[in-house]
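Have a look at the structure below before the remarks.
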Amino acid sequence: MSFPNPVTSVKLVLLGEAAVGKSSLVLRFVSNEFQENKEPTIGAAFLTQKLTIGDRAIKYEIWDTAGQERFASLAPMYYRNAQAALVVYDVTKPASFVKARQWVKELREQASKDITIALVGNKYDLVEDDNEEDLVRKVNVEEGQNLADEEGLLFFETSAKTGYNVKDVFVAIGNKIPEATASGSDTATNQTSGEGRIDLSGGGNFNNATSGCC
Amino acid sequence: MSKKKQEMSQVYLGTSNEFVFGELGGKGKHLSSFLKNLSLTSTSRKSKNLGEDVNSSIYGNMQYGRVLGEELGNGSGGVGGGGSDELLSSPGSPKLRPKLVGRSISMGTSFAFSGSHGDDSTSINLGGGSSGSSQSGVGNNGGPYKHSNLSSSSHLKSHRTHSNTFYKDLDADWDADLNDVRNKKLTSVKQKDNNNNDPSNKSRNSLSLVDSFHPEIGMVSSLPSLPKRKDEKISSASKKQSLDHEDHRAQLEVAKQNQLNSKYSKFYKILKPGNTIDINELRKLSWNGIPQDLRALIWQLLLGYLPTNKLRQSSTLTRKRQEYNEGLRVLTIDFDDVKTTSNTSSSSLINNKDRQIYHQINIDVKRTNPSIKLYGDPQVQKSLRKILYLWAIRHPASGYVQGINDLVTPFFHIFLHNYIWQVQKKAEAMNNPLKESDYEGLFIPGILDENDEIEAQFLKDPQLIHTTLNSLDTSKISPRAWSVIEADTYWSLTRLLETITDNYIHEQPGILRLVGELRDLISKIDLELSKHFEHEGIEYIQFAFRWMNCLLMRELSLDLVVRMWDTYLSETPLGFSHFHIYVCAAFLIKFSGDLKERDFQEILLFLQKPPTASWKEKDIEMMLSEAFIWQSLYKDASAHLRS
């Protein structure tokens, strides 16, 4: 594009069962930190981070939602105008994968039809040293990949604790977001991005996202 | 909320002097009617039989207090045996009037702005005008009681005036004391009003009883030679005498110590004499902060968990603690199970839903107060799991909701502190038998047990005197004592959550309503900020949801929250719902200037981590005072608009 360094704003929402590591993923991405016992998120938390991918500057406006079922009724407020969603599960907890499936379904039905969704299996560090006899891993890579293929999702396994693949998720999402949404300075977009729904033309991804599994 | 409902909830609180277990199970039996109630009222309580039936089955068989009419009938010698409706429409009976005045406070709390000298005669009564009973009440009670908040009044140039002199807990056992207390108060209110506002008036310290106590908080050893009433003498004498600098400094030091003593002595005056504690006097005093060592006792009184009638305290607590243990005994859950993997085959005895609840509590307890060492302790975490799990399965309409794990910690913290304090004081008394009587009436019954061998060890522990919550070795506390601390925490949490149940049921209607009320309130108090938020597209739910769900506990340090709860627990009805809105407003407006300079994203980022790290108690007290004023100003106004 002709802009020297256009800022693309990406409204992004994190969804997933409680304690799968949504906030930890964001904390790793935003501050490159990790906290062992992070307080549960209540309602939703808002964070931002800028990233330069090639010649594009992308500003992520992240809504990190609370995982507990009781807060689920708040979620539409946050994903309604989102351009991207991270649906997170814990690779050691099958129930969290079931929940992830439900979130994908809900997003497909309720969110913007052009929303970019990344399926993220977190806590990869716990299964890194898995041996045959005693498997900590309860959700196979194939299961995640299959769901991603069926639904047309980006797919990664990550570890917020070690930082493994975390940035890659956000880069892949950034690459999927068409530049059409870039709109001058980031302060000017704040108000519109808060309220106005932006219709994405879709199909504007420049790079093919790579799957993060080893 | 309509005025009538407001008053009914007051009535309910007046009678809620103890917890009573029901007899039957009935989880979720009357769910639909219960939800219907919730959607209509904020407190979700009715003082009528119907309401109690519904709620007792939903809330796992707990009911509080009794039917109003019955209580009143007993309490005031048969006058006014009707229900609350009758009460409201019959302000003529002099015996009932005190009750009416009491209830009017929450609707029409009047306060007075006065000049910087605090001159009563310049005060303008701004509140209370819309309530007839309030008006007649003021006439009858001989003048409003006045608070003076040390730290805030000087900033605000205002004094707050309470007219809640008369409302009474209608405990059935009050028969003997009720009239006596009332008569005494009728004649002494005016005098009291003056006394409380005049620091040079020595008459309030004239009780020799009070002076015989000498709390040692902050002092390594007691200083028997310390002139205990010197601060009063200084303040009255300072006008006449000119003091040289050194004297002055020494006296300031003494005054500082004695200010603390004086604060204690005011509480002793209420807590120690007689068989019945005057809960209303206690509320007034506690509103401005409770000394650390008396906090557990007073919180339990304010909650209505500990009866105000001392003769009943011991038996009531024994029963409640037994009920807690019984409740746990029938559970088939292993509270030592801290595995976070959800497919534990060992717990197949309990059904899937209960296992999910336990799993959620387990993962949340691990990350409760992560910055405080005590909450990383395995025994502490186990206690919290028990309390939260029992509460969750006994309150199926809401169940466990994230954030409740925060709300349990102030109680647990204070009650655990109280246990250590009692053990320390008992150890002291063993060395000095004269001291034992000092703490009579200040110990919560049944906390200590002479037959507890582990406790006996703890009493002899040389480290005991230096033990604090930060340095506590939890293995020194016996299972019996943990159980008592847990039970008291459980019932206190139950009482608190009962006032805000609709914050945690499906779709959290309570929180949505409170957030809306906050938005409306800000538009009245700070129109500019309100417009700025609107311009930036800020939705209140985006930041205030957490403020309601966790009662600002994520925004303030635990110490400050504890101070805040002194005031919340002194409010009637308890301040966790309505008064909290005004506190949130005061909190938000503290940052008004900053916020108006910021855009959408900056506002959200700011409000997620408001700069409260350096806050002290005085900041909290300032905020509470502002909240009080706004409540007085806007509560009536909004009620008027709605009706």
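All figures in this text were calculated on a predicted structure; none of them were measured in a lab. Within every chain, numbering begins at 1; the chains are lettered A, B, ... in the order of the sequence lines, protein sequences first and strands thereafter.
B/Tyr400 touches chain A through backbone and side chain together, each having a heavy atom under 4.5 Å away. For A/Ser96, no part lies near chain B; criterion is any non-hydrogen pair under 4.5 Å. Contact of A/Ala19 with chain B is made through backbone and side chain together, with heavy-atom distances under 4.5 Å. Contacts of A/Phe71 with chain B are made by both backbone and side-chain atoms, with heavy-atom separations under 4.5 Å.
When each of A/Leu47, A/Leu74, A/Asp90 is scored by its heavy-atom pairs under 4.5 Å with chain B, the top score falls to A/Leu74. Among B/Leu607, B/Asn369, B/Ile541, the residue making the largest number of heavy-atom pairs under 4.5 Å with chain A is B/Ile541. Note: B/Gln402 leads B/Gln402, B/Glu507, B/Arg546 in heavy-atom pairs under 4.5 Å with chain A. Among B/Glu602, B/Gln356, B/Arg554, the residue with the largest count of heavy-atom pairs under 4.5 Å with chain A is B/Arg554.
Remark: aromatic rings of B/Tyr540 and B/Phe545 are distant, center separation not under 6.0 Å.
A/Glu157 has a carboxylate O that lies under 4.0 Å from a charged side-chain N of A/Arg137, or vice versa, which qualifies the two as a salt bridge. Checked for salt-bridge contact, A/Glu33 and A/Arg28 miss the test: no charged N lies under 4.0 Å from a carboxylate O.
Between B/Tyr358 and B/Arg385, the side chains place a donor N or O and an acceptor N or O closer than 3.5 Å (distance only, hydrogens not considered).
Cation-pi geometry between A/Lys105 and A/Trp103 is not met at under 6.0 angstrom from the ring centre and within 45 degrees of the axis.
To the nearest 0.5 Å, atoms CG (B/Asp502) and CZ (B/Arg513) are separated by 5.0 Å.
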